[in-house]
Amino acid sequence: MNTKVSLAGVLLKNPVMTASGTFGSGAEYGELVDLNRLGAVVTKGVANVPWPGNPTPRVAETAGGMLNAIGLQNPGIDLFCKRDIPFLKQFDTKIVVNVCGRTTEDYLEVVERLADEPVDLLEINISCPNVKEGGIAFGQDPKAVEAITRAVKAKAKQPVIMKLSPNVTDITVMAKAAEAGGADILSLINTLTGMKIDVRTRKFVLANKTGGLSGPAVKPVALRMVYQAAHAVSCPVIGMGGIATAEDAIEFLLAGASAVSVGTANFYNPYATVEIAEGIENYMRENGIEDVNELIGAVKE
Ligand SMILES: Cc1cc2nc3c(=O)[nH]c(=O)nc-3n(C[C@H](O)[C@H](O)[C@H](O)COP(=O)(O)O)c2cc1C
């Protein structure tokens, strides 16, 4: 039975990855989860310098999900390279570094710094604010998506995953823009912008007022967008958004994802990733599927 999948020539032992920001840089979960069982570990977003993140409260529960406005708190690339990459290198799993920045130059600094590090793939989070363009996220303007992809590709030594924002009218426009800029792989979805108000205090629950919605509540939207994006481009797509079980993951594979990332589910079930990898194998055994690649895009029209 083959569970290996290829992402731009990088071979993952199975299609199960962690979603950025929900698994630390592996160390927090390392005691509970055997990282050798995962196709890849995707790190929390890292910037050129440390970011303190947003004021608290910055997470809140919602029906079937959660809101977060962490604000991409991270230790900066120097500490990350010294502490987190050597930790992850101990395991037989692929390392994907999620990169964030406020300007194109910020992103490029991190990408160049990672060129000589033992990192397998870069995931570029373009939902961060673009300060120079007036605070609009790069990921909401197709011209900006194409330009940042092209700029990153010109400097990157590793294959580049462009992580798309779902907060757009037509995801296929953004997917095509990233592919036009030279993206090797796409990943989606990031969180959907939401809000929560406390009716007793009549205040916003999050200090930031708005936050990103994730978890099972977003899965049908994510699945629809992954299906649309996978049919709009020819590069591989990594699907995520509300995946909590093997059945959820298989839905994304059938919709056209070559691999999946598990995010919010880790918070209430730290074993979710390994259970999903095992569940995919069980499904393959029960259904006589020899190669997991047979499932990719195999939904019947
Ligand atoms: C607390 C939290 C922090 C996150 N931080 C990042 C991040 O640093 N970079 C990024 O690209 N996505 C980040 N995300 C988005 C997730 O990687 C994922 O795209 C999203 O949560 C949807 O998947 P899920 O429903 O399985 O959580 C974060 C999500 C959560 C809940």
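Atoms within a ligand are numbered from 1 in the order they appear, just like the ligands themselves. This structure is a prediction, so every number in the text was calculated from the model and none was measured.
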Would [X] and [Y] pass as an ion pair if we require N to O under 4.0 Å?
X: Arg113; Y: Asp78; answer: yes
X: Arg200; Y: Asp198; answer: yes
X: Lys219; Y: Glu251; answer: yes

To the nearest 0.1 Å, how far is [atom] from its closest protein heavy atom, and which atom is that?
atom: atom 9 (N) of ligand 1; answer: Ser20 OG, 3.1 Å
atom: atom 21 (O) of ligand 1; answer: Ser214 CB, 3.3 Å
atom: atom 8 (O) of ligand 1; answer: Lys44 NZ, 3.1 Å
atom: atom 3 (C) of ligand 1; answer: Gly21 O, 3.4 Å
atom: atom 24 (P) of ligand 1; answer: Gly242 N, 3.5 Å
atom: atom 15 (C) of ligand 1; answer: Asn190 OD1, 3.5 Å
atom: atom 26 (O) of ligand 1; answer: Gly263 N, 3.1 Å

Which ligand 1 atoms, with their elements, are less than 4.0 angstrom from a heavy-atom of [X]?
X: Thr264; value: 24 (P), 25 (O), 26 (O), 27 (O), 31 (C)
X: Asn125; value: 9 (N), 10 (C), 11 (O)
X: Gly45; value: 8 (O)
X: Met240; value: 18 (C), 19 (O)

Can you give me the closest heavy-atom contact between Tyr107 and Val99, atom names plus distance?
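In this case the closest contact between Tyr107 and Val99 is CE2-O, 3.7 Å.
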Considering all heavy atoms, the nearest Asn125-Cys128 contact:
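Heavy atoms only, the tightest pair is O-SG, 3.2 Å.
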Does [X] use its side chain to pair, donor to acceptor, with the backbone of [Y] at less than 3.5 Å?
X: Ser25; Y: Thr43; value: no
X: Lys89; Y: Asp84; value: no
X: Arg285; Y: Ile280; value: no

Between Lys219, Gln73, Lys163, flag the one that comes closest to atom 18 (C) of ligand 1 by a heavy atom.
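Closest candidate by heavy-atom distance is Lys163.
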Selected option - heavy-atom contact closest to atom 20 (C) of ligand 1, from Val262, Thr191, Leu72
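It is Thr191 that holds the nearest heavy atom.
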If we only count heavy atoms from C-beta on, is the Val42 to Glu123 side-chain gap below 4.5 Å?
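Yes, at least one pair of side-chain atoms sits under 4.5 Å.
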Taking side chain to side chain contact (heavy atoms under 4.5 Å, CB included) as the definition, give me every residue that meets it alongside Asp184, ordered by chain and number, with sequence neighbours left out.
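Asp184 satisfies side chain to side chain contact (heavy atoms under 4.5 Å, CB included) with Ala8, Lys153, Pro159, Val160 once adjacent residues are dropped.
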Does ligand 1 come near enough to Met66 that some N or O of the ligand is less than 3.5 Å from an N or O of the residue?
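It does not: no N or O of Met66 is found under 3.5 Å from an N or O of ligand 1.
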Any nitrogen or oxygen of Gly215 lying under 3.5 Å from a nitrogen or oxygen in ligand 1? Just yes or no.
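Yes: some nitrogen or oxygen of Gly215 is under 3.5 Å from one in ligand 1.
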Matching residue for Glu109 among Thr104, Thr103, Asn48 - test: side chain to side chain donor-acceptor pair (under 3.5 Å):
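Output: one option passes, namely Asn48.
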Side chain, backbone, both or neither: which part of [X] comes within less than 4.0 Å of ligand 1 when only heavy atoms are counted?
X: Ile189; result: backbone
X: Asn68; result: side chain
X: Asn98; result: side chain

Any Gly241 heavy atom less than 4.0 Å from ligand 1:
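Within the 4.0 Å threshold, so yes.
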Is there a donor-acceptor contact under 3.5 Å linking the side chains of Glu290 and Asn2?
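Result is no, nothing qualifies.
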